[in-house]
**Q** 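Got a structure here, written out as structure tokens. Questions coming.
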Protein chains: 2
Amino acid sequence: MRISAKGRYGLAAMSYLAANYKNGMAITVLHISETLGISKIYLEQVFSLLKRAGLVISIKGSQGGYLLNREPNGISVYEVLTAIETTMTEKTDSTVAEKQPILDKALETVVFSQLDDAIKSSLEAISLEDILNNVEKLKEPDNLMYFI
Amino acid sequence: MRISAKGRYGLAAMSYLAANYKNGMAITVLHISETLGISKIYLEQVFSLLKRAGLVISIKGSQGGYLLNREPNGISVYEVLTAIETTMTEKTDSTVAEKQPILDKALETVVFSQLDDAIKSSLEAISLEDILNNVEKLKEPDNLMYFI
DNA sequence: TCAAATACCTATTGCTATAGTAGGTAAAAT
DNA sequence: ATTTTACCTACTATAGCAATAGGTATTTGA
């Protein structure tokens with residue numbers, strides 16, 4: 001699975017909004033771009049996609065910015081990535097379909113649709129809260145790996 | 001998951017070799033390219049990768065061609081695709097790592113490595129034989145979809 | 001032994017998607 | 001009003017993909 005920079009930016013930005021969700025304040029793209037080290041104007045385009053997907057709410061004007069539209073527990077990584085990655089589960093159409101439609105169909109059934117399902121259920125099971133929990137765990141100074 | 005045309009070509013070609021495995025004869029790239037409707041010189045490059053990965057054996061010269069190196073049951077779709085797709089599980093390195101290494105690490109742990117595992121185990125569970133079995137099933141004339 | 005058939009190799013081209021830039025307009029707050 | 005913000009469209013540069021081109025090396029069979 002190749003996940004583009006755009007997808008990673010989106011996940012990082014959404015995680016940041018999630019970390020500040022309880023606070024209730026809108027956060028600007030400029031602030032996020034500086035905090036995470038992402039080009040501001042590029043990140044704007046990412047937020048455009050996130051908003052279109054209904055994952056964030058925007059507030060225009062001074063003191064405006066973005067907010068999660070749902071609580072971190074209710075937003076899955078799958079939703080975030082499908083909102084951003086255009087070619088998430090897309091497949092280039094193969095010329096094999098013309099000469100060997102049965103083989104093509106078999107590949108579709110046995111391989112590609114199963115793979116799509118595996119990816120989907122894997123990413124649907126991960127929420128923004130899961131990411132935050134791991135961030136907190138990594139922050140613990142006594143997080144020494146005694147058991148490794 | 002985006003799987004390139006190259007990957008699809010490789011799977012189709014390997015399935016074709018699998019279908020003719022018991023026969024024991026080498027099959028030429030030209031023959032496969034014509035049967036499947038794939039550019040011959042492009043398919044040659046695909047076979048170069050498959051050979052490098054040890055999935056096929058080649059025989060040079062007249063009456064030469066390619067053969068599976070193992071029985072269809074022993075070759076997984078994962079092996080075929082990783083032999084071909086360079087960016088299978090690759091991720092573009094994000095600039096987030098520099099300013100927010102903890103968040104970046106959390107995303108790596110919670111999202112990307114889990115996704116890689118899901119993709120890997122999903123594709124490892126599918127063999128070329130599974131594809132052939134589905135092809136046979138689709139060929140049955142009485143394969144009417146009574147239950148749909 | 002020679003010609004045909006094949007794998008095998010490297011370089012080149014055109015195209016598409018991605019990453020990022022540029023330069024704005026619209027709306028809201030102070 | 002001015003500033004701050006989201007929001008929009010167009011543009012550029014680059015990289016990887018799909019495919020082409022033009023060979024060499026090796027084996028078989030006539």
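A, B, ... follow the sequence lines: proteins, then strands. Residue 1 opens every chain. All values below were derived from every heavy atom in this structure, side-chain atoms included, with hydrogens, water molecules and symmetry-related copies excluded. Please read these numbers as outputs of a predicted model, since none were measured by experiment.
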**Q** Does the side chain of V111(B) reach to within under 4.5 Å of the side chain of L123(A), using non-hydrogen atoms?
**A** yes

**Q** Using a cut-off of strictly less than 4.0 Å, decide whether K51(B) has a side-chain nitrogen or oxygen near OP1 or OP2 of dC8(C).
**A** yes

**Q** Is the distance from OP1 or OP2 of dC8(C) to the nearest side-chain N or O of S58(B) less than 4.0 Å?
**A** yes

**Q** Can you sort out the partners of E124(B) under salt bridge (Lys or Arg N to Asp or Glu O under 4.0 Å), two or more places apart, ordered by chain and number?
**A** K120(B)

**Q** Using atom OH of Y66(A) as one end and atom C1' of dA28(C) as the other, report the distance to the nearest whole Å.
**A** 14 Å

**Q** Between the protein and nucleotides 24-28 of chain D, are there any N/O to N/O pairs under 3.5 Å, and if so, what are the atom names and distances?
**A**
unit_1	atom_1	unit_2	atom_2	d
dT27(D)	O2	S62(B)	N	3.2

**Q** Please report, rounded to the nearest Å, how far the C1' atom of dG16(D) is from the CG atom of L49(B).
**A** 14 Å

**Q** Rounded to whole angstroms, how far apart are CZ on R8(B) and P on dC17(D)?
**A** 16 Å

**Q** Nearest whole Å is fine: how far is dA29(C) P from M25(A) CE?
**A**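 Atom CE in M25(A) sits about 14 Å away from atom P in dA29(C).
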
**Q** Please confirm whether the backbone N or O of I131(B) pairs with a side-chain atom of N134(B), one donor and one acceptor, at under 3.5 Å?
**A**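 Here the side-chain-to-backbone pair does not exist.
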
**Q** Which atom names give the shortest non-hydrogen contact between L55(B) and A83(B), and what distance separates them?
**A**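 Reported closest heavy-atom pair: CD1-CB, 4.0 Å.
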
**Q** Rounded to whole Å, please give me the gap between CG in L50(B) and P in dC9(C).
**A** 14 Å

**Q** Among all residues two or more places apart in sequence or in another chain, which pass the ring pair (Phe, Tyr, Trp, His ring centres under 6.0 Å) test with Y16(B)?
**A** H31(B)

**Q** Find out whether L43(A) and L36(A) are in side-chain contact, i.e. whether some heavy atom of one side chain is under 4.5 Å from a heavy atom of the other.
**A** no

**Q** Does any non-hydrogen side-chain atom of L115(A) lie less than 4.5 Å from one of I119(A)?
**A**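 Yes, at least one pair of side-chain atoms sits under 4.5 Å.
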
**Q** Answer yes when K105(A) and E108(A) have at least one side-chain N-carboxylate O distance shorter than 4.0 Å, and no when they do not.
**A**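 E108(A) and K105(A): not salt-bridged.
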
**Q** Between protein and nucleotides 19-22 of chain D, what N or O pairs are separated by less than 3.5 Å?
**A**
unit_1	atom_1	unit_2	atom_2	d
dA19(D)	OP2	Y9(B)	OH	3.1
dT20(D)	OP2	S39(B)	OG	2.9
dT20(D)	O4	Q45(B)	NE2	2.6

**Q** Go through the structure and list residues passing salt bridge (Lys or Arg N to Asp or Glu O under 4.0 Å) with D104(B), not counting sequence neighbours.
**A** R8(A)

**Q** How sharply is the helix from dT1(C)-dA30(D) to dT30(C)-dA1(D) bent, taking the axes over five pairs at either end and rounding to 10 degrees?
**A** 10°

**Q** By nearest atom, which of the nucleotides dT6(C), dC8(C), dA6(D) is closest to the T28(A) side chain?
**A** dA6(D)

**Q** Can you confirm whether T35(A) sits close enough to Q100(B) that some side-chain heavy atom of one is under 4.5 Å from a side-chain heavy atom of the other?
**A**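 They are in contact (side-chain heavy atoms under 4.5 Å apart), so the answer is yes.
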
**Q** How close or far is atom P of dA19(C) from atom CD of E85(A), stated in whole angstroms?
**A** 7 Å

**Q** Using whole Å, report how far CD1 of I57(A) lies from C1' of dC7(D).
**A** 17 Å

**Q** If hydrophobic clusters are built by linking Ile, Leu, Val, Met, Phe, Trp and Tyr wherever their side-chain heavy atoms come under 4.5 Å apart, do V80(A) and I57(A) end up in the same one?
**A**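 No, V80(A) does not connect to I57(A) through the hydrophobic network.
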
**Q** In whole angstroms, how far is the P atom of dT6(C) from the CZ atom of F47(B)?
**A** 14 Å

